[in-house]
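Worksheet for the structure shown next.
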Amino acid sequence: MLNLAPQDMQAIWLSAQVAAAATLLSVPFGFMVAYLLVFVRLPGKALVEGVVNLPLVLPPVVVGYLLLLLFGQSGVLGPLLQALDIRIIFTLKGAVVASAVVGFPLLVRSIRTGMEEIDERLLLASRTLGARWWDTLLTIILPLSGRAVLAGMTLMFARSLGEFGATIILAGNIPGVTQTIPLAIYEYTNTPGGDRMALSLCLVSIIISFAVLLANEAVSRKFRQRATR
Amino acid sequence: MLNLAPQDMQAIWLSAQVAAAATLLSVPFGFMVAYLLVFVRLPGKALVEGVVNLPLVLPPVVVGYLLLLLFGQSGVLGPLLQALDIRIIFTLKGAVVASAVVGFPLLVRSIRTGMEEIDERLLLASRTLGARWWDTLLTIILPLSGRAVLAGMTLMFARSLGEFGATIILAGNIPGVTQTIPLAIYEYTNTPGGDRMALSLCLVSIIISFAVLLANEAVSRKFRQRATR
Amino acid sequence: EVHLSVAASMTEAIRELDAAFTAEQPGVTMLPNFGSSGALAKQLLQGAAADIFISANPKWLSYLEKEGKITKQTVRDLAVNTLVVVGRPGVVVNSLADLAAMTRVAIGSPGSVPAGQYAEQAMRAAGVYERLAADKKLVMAQDVRQALLYAERGEVDAAFVYRTDALLAEKAVILYAVPAGLHDPITYPVGLTVAGEKNGAARAFYDFLASPAAVSILEKYGFDTPAAAAAAPGR
Amino acid sequence: MNLDVAVRKHYGGFQLDVSFRVTENRCGIFGPSGSGKSTLMHLLAGLLEPDEGVIELAGETLFDSTRRINVPPEKRRIGVVFQHSHLFPHMNVRRNLLYGWRRTPEPQRRIDPEALARVLQIDHLLERGVNSLSGGERQRVALGRTILACPRLILMDEPLSGLDEELKFQIIPYLNKVFSEFAVPLLFISHSLHEMRLMAEEVLVFEAGRMQQRLPAEELARRSLVTGSRGYANLLTLSDPRPRGDLWLYRWGGIDLVLTEPGAAGDNVFELAAKDITLFKRHPEASSARNILPCRVEGIFGVGNRIGVELACNGGRLICQIVPDSVRELDIRQGAEVVAVIKASAFHRLY
Amino acid sequence: MNLDVAVRKHYGGFQLDVSFRVTENRCGIFGPSGSGKSTLMHLLAGLLEPDEGVIELAGETLFDSTRRINVPPEKRRIGVVFQHSHLFPHMNVRRNLLYGWRRTPEPQRRIDPEALARVLQIDHLLERGVNSLSGGERQRVALGRTILACPRLILMDEPLSGLDEELKFQIIPYLNKVFSEFAVPLLFISHSLHEMRLMAEEVLVFEAGRMQQRLPAEELARRSLVTGSRGYANLLTLSDPRPRGDLWLYRWGGIDLVLTEPGAAGDNVFELAAKDITLFKRHPEASSARNILPCRVEGIFGVGNRIGVELACNGGRLICQIVPDSVRELDIRQGAEVVAVIKASAFHRLY
Ligand SMILES: Nc1ncnc2c1ncn2[C@@H]1O[C@H](COP(=O)(O)OP(=O)(O)OP(=O)(O)O)[C@@H](O)[C@H]1O
Ligand SMILES: Nc1ncnc2c1ncn2[C@@H]1O[C@H](COP(=O)(O)OP(=O)(O)OP(=O)(O)O)[C@@H](O)[C@H]1O
Ligand SMILES: [Mg+2]
Ligand SMILES: [Mg+2]
């Protein structure tokens, strides 16, 4: 059933790389933003949240265009990136950026939901024991929102596996270089008799995400075990 | 800045309808699935979760394609739907279905994260007070995961506003009938010089989602107030 | 290295052309980027690396030309396509006027899909467009492939697609070939970008595209070549 | 009540293994921290599943590992007052209180919520959210919530800790009244021997997961004369206080006792420590003690250097604690006549 | 310690408004449920912000509403043992215990974790997750966690409720030792007058959000002779127990007392209820009481029908509770000579 061409294998490998990189890179930022939104009093909070949610509200293709405007040679960050000799457009970095941006709101939302459920009195207890805010953040909030972070990561990883619109604009659809699974699927649908191959790739996507899901469950159960009875 | 054509106004109205309908229709199911995944012991849980996550993992276009296979005239449910005189394809119902399916994993994940943080001992307490499982579900679990449900709804609403891939396949792009904001934006961006109009529509999207976000925050704060000190 | 930005509908043909070219010139790496013409154009506009742009539509190419990204002198038509109406076997279409009796007709979205524009032109010329549009019978597909998909699944009675796409169909058949006179010529223009002009390999490939070997590959995938099209009547 | 329990539960290093049958209506569980008291409650209420064993209440099998019976908590109708109140954070006090009540069929609702709230002194809190309550207030709400569910059996895990004495002695008689009026049996965990005697008829003594002893609460109190740190206390029901100078005369059986404390009309329950009774061979002369009662020795018990003497004083019975030397010196043996001297201030009114 | 507090805090219907200065090293807070005790602790620890007022500890301003000073909790170095333990659920017992300790600079770590864990009897639990602990175990871990943070001031909210007496009296002397050794001042909430006397030197009495009284713990106990339900108890330090027959002889100042209870070598603290002392005009004849001490009356206090008599017995001091009639009959006035009779079993060893 899964008779994959070598170029499909490449797409799978690229997709896994992109999803993993996008997820791992986003987690620290996502955590920070969620912390900010939940625990820090600041005036423009609604605005921050609105901005974080943007990539969710806009069609991915539009997100791709906006990113293109941002990172392109004549874009806002173009000259800076060029000076640093960093290429985003038509590279795997672009795919990672696209996935990260599109999945970010999901990550933040998930972490937030977890953080909001933390018993505030534990944070107070830690502070009376001499922990500064960053200490409490690392030793109480982080572990206690561990499951929510994991959930967010799974969500984001899955989303990255399926990310198409922003990626094709920012990273292009170059087989072997930036062609991830969704792009390869797209290409197959433009090919006579490609449906079968497209289906195979879909299955691969599903299998990968399933594996990630199971891993998440396993780790998450550990977290849970520590908090029952 | 926001000089919108009448057909844009239609798209906005359609989009709002679709996002609201998709969100509201999905909530009961999302809640049930989350409950199942968190509180009920059943063997094929991982499978259920995998299936729920499918629409996230697959590119939206593929999801749309699969939905077409399901609901189309020659699809699996086609004859049934035809017998009931329900048309999904090329109607607003199709757009709702597409949005609901694509946003469902986000909704479930969010509700789950909230449910997992509920203190299990409260559930035990309610049961010793004579509450059956469904009673506990309605009187303890539902209100205590209220914030998570809200968060999930916001997420889903936002996602629906941006949903493009599955919608265009299932609902088609019929101006005034199924052309939602993302579809209209897509048209504009593919027209040389249409960028300005596309941007206007993006802004509208953002404003709507922002309003929903603020509403969510307000309601959520109420929930939170009741659980502090 | 040669960076190609290619309209998605030429995917298969370009892959074979690449293979043929690299067989002749080992050492050259071909990096094709497939997408919708509009997306490709925007990428180019933002300075994405590309040497050759093959568009499904002269409009985007001339847009880039105006923006100074493509050198005008290198622009020429690579291939020509034909618009056809497809549908389930058994449906009879003798002229575009017959479409008026149908419940749903899929076309590419005229705003964004070239095939849609050609279809609109043709239908307007046949005088059926206004009625279909007023009755909301037109389904605007995201691209030609989607229009074909609807025809395949029987969701629409007819769909306007290119002949090259119709060849991909399994269930749908060509019901009617739209006379070329009813719409603008369907050409796939090719052009070298400013960067591409300086890239020897890119130039070589650009030249290769005009070679008989390339023409036969294009024809194999259902495209006409400009020369052949010029010879045909009605052009 | 007829509660039959024979269960075994293993937790990491801890093992609970008890088997008993309780027929008393009010039963206490006594034991050091970590001895398995709360675990037993969870098992009885169906919140934890025993590894093996049987639980039967009033002839109905609630759990049986061999027959694979395990009645779910909500069908057991066993009320639990948890060690930590576990109030529902999203409901106000009233809704918490009435949670179980609303789930009780009308005919079984035998307790008046208003009256209960008044006794627990939470009637002014009804509309408050529970997250703003003080520790003691939470505990009282939890107590009320369980009682209002009108269960067949109530399990209480230290329901009165964290309450001041005054409040405690207002609540205890009410609970006793309610529980006996409606014949609701009670299993009561406490670290206070005092509370235990007032609330329970029989006591199970736990130690390291096993039931070490079971004995009447009265007996436990007597033993504490020997082993406990505070000794035995007599509980006397005295009636009809009448003033006499600064003091009060109470009727106790056939005689009057002189007390410093005033009481309510009718019956009053007073505590009198066994150590507060001094015995004399003959009627002593001028003493600061107000009560000088001739008694007959009915029995002697106890070990080591603490001897309990059971006295019959004109129909009433008293336990007095003395040392072995005194037994010899005063020639105390069954049937001997002695004089018991009790200070008017020795009586402590409970309710 | 020098703790200056003058704060006001408004909550819905409740208003806390107190102002006091504490210089004693160990200070108790006493008051009925809902009187604002926990609220005060939260204010002191910086977990709640007063509406207005000033808090100063050892000369340092921790809070001042007019100067807009509000030192954050982690910088106040005030330890809190919460009414509900609030253990960190994701850490085991050891990591909970050491949480504050690890955040204390090396030179300020003055308490040995191992020794503390032993005293609290949680040394066998160190590797356990805190969610599997029993109620009393949790409370002890919370107590240990706060003490190990070696704060400048410790606030304790009913830290000993839920523990059995035996354990309590093992923990109290240790705490006293540690707190006085390292001069860690203590604010201690309890509903138990008994605990209060053992732990605190001075007591603030709260009622409905206000400080009703402040008085030495000793004085509170004396007043309880009048108003309380259990009366005053003498606390005696007795030394060098020697066996004598079934009983034990202890040294108390210049004289020996006869007790039923054995004790440890060196000093032992015993409790003796004022009511347990009977006064006689002359030396009584054969009595079951073992201690017959000639004393001089040093003072008389009290109101109504409970009179406290302060006695000097060969250097030691005792408070005895009697009734007014006895004062007349025995002709008790300052300087009078009387005989105090105490049963050997009347002494109750605390530690
Ligand atoms: N999941 C568990 N794993 C290991 N040990 C456990 C677990 N749950 C409880 N225990 C242990 O079982 C013992 C009994 O606990 P239980 O809560 O029944 O004690 P308890 O008698 O109620 O004590 P307390 O008076 O302190 O509340 C304790 O030592 C506790 O640490
Ligand atoms: N957020 C709030 N809103 C309204 N009232 C509150 C709030 N928080 C506390 N209170 C009230 O303030 C009073 C004092 O509470 P506090 O917790 O200080 O009492 P406490 O003396 O510690 O009592 P306990 O001995 O029962 O623990 C209580 O009556 C409580 O209900
Ligand atoms: Mg317990
Ligand atoms: Mg309190």
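All chains are named by letter (A, B, ...) in the order of the sequence lines, taking the proteins before the strands, and each is independently numbered beginning at 1.
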Please list all pairs passing the ring pair (Phe, Tyr, Trp, His ring centres under 6.0 Å) test where one or both residues lie in residues 100-122 of chain B, with sequence neighbours left out.
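Not a single pair qualifies under ring pair (Phe, Tyr, Trp, His ring centres under 6.0 Å).
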
So which atom in A/Ala46 and which in B/Leu214 form the shortest heavy-atom distance, rounded to 0.1 Å?
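For A/Ala46 versus B/Leu214, the nearest heavy atoms are CB-CD2, 3.6 Å.
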
Minimum-distance pair of heavy atoms, taken over all atoms of A/Pro60 and B/Gly162
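Heavy atoms of A/Pro60 and B/Gly162 come nearest at CD-O, 3.8 Å.
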
Does any pair with a residue in residues 155-164 of chain A pass side chain to side chain donor-acceptor pair (under 3.5 Å), and if so which ones, sequence neighbours excluded?
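Those involving residues 155-164 of chain A are A/Glu163-A/Thr167.
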
Shorter than 4.5 Å, heavy atoms on both sides: which option in A/Leu155, A/Ile206, A/Val61 has the most such pairs with chain B?
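Looking at each of A/Leu155, A/Ile206, A/Val61 in turn, A/Leu155 comes out on top.
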
For chain B, which of A/Leu66, A/Val63, A/Leu161 has the most heavy-atom pairs under 4.5 Å?
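Result: the option with the highest number of such pairs is A/Leu161.
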
Any residue meeting ring-ring contact (aromatic ring centres under 6.0 Å, His included) with B/Tyr186, in chain and number order, not counting sequence neighbours:
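Per chain and number, B/Tyr186 pairs via ring-ring contact (aromatic ring centres under 6.0 Å, His included) with B/Phe164.
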
Picking from A/Thr113, A/Leu150, A/Ile111, what satisfies side chain to side chain contact (heavy atoms under 4.5 Å, CB included) with B/Thr113?
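Looking at A/Thr113, A/Leu150, A/Ile111, the match for B/Thr113 under the side chain to side chain contact (heavy atoms under 4.5 Å, CB included) is A/Thr113.
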
Report which part of A/Phe157 has an atom under 4.5 Å of a heavy atom belonging to chain B: side chain, backbone, both, or neither.
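No part of it gets close to chain B.
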
Answer with side chain, backbone, both or neither: which region of A/Leu47 has an atom nearer than 4.5 Å to a non-hydrogen atom of chain B?
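It is both, since atoms from each part get that close.
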
Is B/Arg109 close to A/Arg109 at the side-chain level, that is, under 4.5 Å between some pair of heavy atoms?
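The answer is no; the side chains never approach within 4.5 Å.
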
Close side-chain approach of A/Arg147 to B/Glu117, heavy-atom, < 4.5 Å:
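Yes - at least one pair of side-chain heavy atoms lies under 4.5 Å apart.
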
Residues of residues 48-58 of chain B contacting chain A, heavy-atom criterion under 4.5 Å, by residue number
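Residues of residues 48-58 of chain B touching chain A at under 4.5 Å: B/Glu49, B/Gly50, B/Asn53, B/Leu54, B/Leu56, B/Val57, B/Leu58.
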
